[in-house]
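Just so it is clear: chains get the letters A, B, ... in the order the sequence lines come, proteins before strands, and each one is counted from 1.
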Amino acid sequence: MYTVKEYLARELVASLADFDGVPQDFVPEFEKPKNPEHGDLATNAAMQLARYLRRAPRSIAGALAEHLLARPLDPARIASVEVAGSGFINFRFSTEYLIGELRELLKAGEAFGRSTTGHGKRALVEYVSANPTGPLTVGHGRNAVLGDTVANLLAWNGYDVTREYYFNDAGRQMRVLGESVRARYQAVVDPETPRKRIESGDVSVEVPASFPEDGYLGAYITDIAERLHSRAKGAPDLSGDVAPFKEAAEQAIFADIERTLTRLGIHMDTYFNERSLYENDTVWKTLEQLRDKGHCYDRDGAVWFRTTAFGKEQDTVLVKSSGEPTYRLPDIAYHAGKCDRGFDRIVDILGADHIATYPDVLHGLRALGYDADRVEVIVHQFVTLVRGGAPVKMSTRRATYVTLDDLMDEVGEDVTRFFFLMRSPNAHLEFDLDLAKEASEKNPVFYLQYAHARICSILRKAEEVGFHGAAGADLSLLGHAAEITLMKALLRLPEVLEYAAAMCEPHQVANYLREVAVSFTQFYGHCRIIGEEYDLAAARMQLAHAARIVLANGLHVLGISRPERM
RNA sequence: GCGCCCGUAGCUCAACCGGACAGAGCGGCGGACUUCUAAUCCGCAGGUUGCAGGUUCGAGUCCUGCCGGGCGUGCCA
């Protein structure tokens, strides 16, 4: 479709040579009209030019259309040109053109929809980035799936993509985690250990007396303690340092996290530990650079970042009076490092709870002289699980959460991925568990997969009854309205994937695939394959095959399986 | 108070970075299986895009001000 758009843009600009007053840098815009009656491609050039030419848009459109028709336009591509509405020029593709493109689609096969937009460019997508303090939750799930799919989209558009997980196992959170495990461990060693109760919100949990007040209450802590105790040798000493408990917990939890991600088909390329920024002094070097450039000052024993210079209400502490940095400083150092690593696109996937932190990081980058515009921050809103019409409350520390694994156990991996992807990241996501599993017949995921499976079934059956070698079919036999509609839908895949990658919006793909499935199902309803005369059946088999390719490639990008039977 | 996100059909959400008559699914109502997969399809009903202004040939989309919801707003991460 891009080729024809470029072709029309050239023709349009050439036609404008006869008009006085057209700006030198005028670039006509094209878009696909919402209403199919308005053709396949439309331009609002006449409206845009009205103020320069001092003529009514409709009159410009009429003159432009005449010029275009007089060139003349290539009938192998454009079937009609019409002026409509308040000055739109609508173009309709010729069937010949569509069939030619369909042929290209079939030739490209599994590669259809890939682009070279990102060739020679490197992209870094950072996502998940949960500290190993507990199992991944549903909230992490949305982040993980979103990031992974954005990475897929970039890869499909030719980018060399690195998927990165950033974490910190050195902070207070992890120390509390270690203390939580140690307390549970003590109770395993000595069942007579004194107990106390911790009240948190509406839950009340019995814990060993040594359990930290803000400790992690989840059952997995006890599991880790028990496993630690059952180890024949090397069981840690209670009187010693908390480190062995922390390390054991981290190891166990990280293994769980990776297992969960694997279930979702997610594999990270790099794990970046915040600690490394301390080990090579990067954090302190970054601070010195900020200081040298005059963005820092000392007050009350702390080091402050002059964020008010960037329009914020208050300055921000980078190093506490205790000498310990806040998380902002390593975050800035980490992102400066990302810029230094030479990526063309740097994408961060963040939950809404980090909404206040990333502006400081971007300000930090600017202060250091980096081009902060290279960093694209995708902030996604929260997920609410709904069961029986009521929201499910969640909190990691209180252990009242639903884990990502629980969710997948309940509704399946494919549904999990799709539900996280079908909404705009900006939209608060309501995940209706009842609908996700029980309504399998109305579920959009199954709808797409069913269309795919159905095509596979038809193609299998057709082979059985003797339709072989359809590859040489005469596609020009295709001309039914349902066939044309389907072709047009199929051919949009590349532009949808490119747009979705540019905007980091996977839901565009999900919505598009639904349209494709609808178009296919309508084609299926109107046009038979088996039973038709051989040549027509062969041509339709090819069209069905093309639909399978588009659905398969689209689902592949979304990370959802493509069943051949259901 | 301040910052970001959201407010669109009964419900959950789209709407291609300003375009034509605002679209889907679910739910509701009514139809369609001796036919390639009925996990399906067809039809009907359902809207002052939270409110009020402004910019524009043209606004759900941009600007201003209200109203309502979410997340933040710490020498926690």
| field | Donor-acceptor pair (no angle test) under 3.5 Å: A:Asp353 side chain, B:G72 base | value | no

| field | Between B:C57 (P) and A:Arg58 (CZ): distance, integer Å | value | 19 Å

| message | Of the options B:C21, B:C41, B:A24, whose atoms approach the side-chain atoms of A:Arg514 most closely? | response | B:A24

| When you compare B:U40 with B:U35, how far apart are their C1' atoms, in angstrom units rounded to a whole number? | 14 Å

| said: In terms of relative ring orientation, are A:Trp304 and A:Tyr297 parallel, tilted or perpendicular, with 30° and 60° separating the classes? | reply: parallel

| said: Considering every strand and a 4.0 Å limit on heavy-atom distances, what is the contact class for A:Ala453: base, sugar-phosphate, or nothing? | reply: base

| query | What's the verdict on side chain to side chain donor-acceptor pair (under 3.5 Å) for A:Asn131 and A:Gln173, showing C-alpha distance, side-chain angles and the deciding distance? | reply | CA-CA 8 Å; A:Asn131 282 345; A:Gln173 278 185 10; 3.3 Å; yes

| said: What's A:Gln508 touching, base or sugar-phosphate or nothing? Going by heavy atoms closer than 4.0 Å. | reply: sugar-phosphate

| field | Distance-only donor-acceptor test (3.5 Å): side chain A:Tyr450, base B:U37 | value | yes

| task | Report the C-alpha separation of A:Tyr165 and A:Phe272 in whole Å, then their side-chain angles, then the decisive distance to 0.1 Å, and conclude whether the ring pair (Phe, Tyr, Trp, His ring centres under 6.0 Å) test is met. | result | CA-CA 6 Å; A:Tyr165 188 127; A:Phe272 194 105; over 10 Å; no

| message | Looking at B:A20 and A:His38: do their rings stack (centroid distance under 5.5 Å, interplanar angle under 30°)? | response | yes

| query | If we take the C1' atom in both B:A15 and B:G47, what is their distance in whole Å? | reply | 15 Å

| Under 4.0 angstrom, heavy atoms only, what part of the nucleic acid is A:Cys527 near: base, sugar-phosphate, or nothing? | base

| Is A:Ala42 touching bases, backbone alone, or none of the nucleic acid, heavy atoms closer than 4.0 Å? | base

| request: Check every strand shown and say whether A:Asn44 touches a base, only sugar-phosphate, or nothing at a heavy-atom separation below 4.0 Å. | output: base

| said: How would you summarise protein contacts on nucleotides 59-65 of chain B per nucleotide, using B for base, S for sugar-phosphate only and - for none, with heavy-atom distances below 4.0 Å? | reply: -------

| message | From the set B:G70, B:A77, B:U12, return the single nucleotide nearest to any side-chain atom of A:Gln381. | response | B:G70

| note | Rounded to whole Å, CD of A:Gln314 lies from C1' of B:G1 at a distance of 11 Å

